[in-house]
Visitor: 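Can you keep this structure in mind? I'll have questions shortly.
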Amino acid sequence: MTTLQKLLTALFCLFTISNVQAQTVMVAVAANFTEPMQDIAAAFDKETDNNTVLSFASSGKFFAQIKNG
């Protein structure tokens, strides 16, 4: 499991254990993790009544976007 995959898993765990009202959750996901994250997001949405919006791209692209604000 890559560092990015571990980070994303940890973020979903945090969302799952937090006590929040249903909302839209936006998650940036490395393109090579598309299929597993879709399954995770569907399970998360079902369990929490949230709506997860996934954005897939290369981790390098996400890094550049975060670095440049």
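Positions are given from 1, in the same order as the sequence printed here.
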Visitor: Heavy atoms only: give me the nearest Thr48-Phe44 pair and the separation to one decimal.
Guide: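 Nearest pair, atom of Thr48 first, then Phe44: OG1-O, 2.7 Å.
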Visitor: Nearest 0.5 Å please: distance from the CG atom of Leu54 over to the CD1 atom of Ile40.
Guide: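 It comes to 9.5 Å.
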Visitor: Output the distance between atom CD (Gln38) and atom OG1 (Thr52), rounded to the nearest 0.5 Å.
Guide: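 One finds 11.5 Å between CD of Gln38 and OG1 of Thr52.
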Visitor: Under 3.5 Å, is there a donor-acceptor pair between the side chain of Asn50 and the main chain of Gln23?
Guide: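 Side chain of Asn50 to backbone of Gln23: a pair is present.
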Visitor: For the atom pair CG (Asp45) and OG1 (Thr24), what is the distance rounded to the nearest 0.5 Å?
Guide: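 Between atom CG of Asp45 and atom OG1 of Thr24 there are 9.0 Å.
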Visitor: Identify all side-chain donor-acceptor contacts of residues 57-69 below 3.5 Å with residues at least two apart in sequence or on another chain.
Guide:
residue : atom : partner : partner atom : Å
Ser58   : OG   : Lys61   : N            : 3.1
Asn68   : ND2  : Ala64   : O            : 2.8

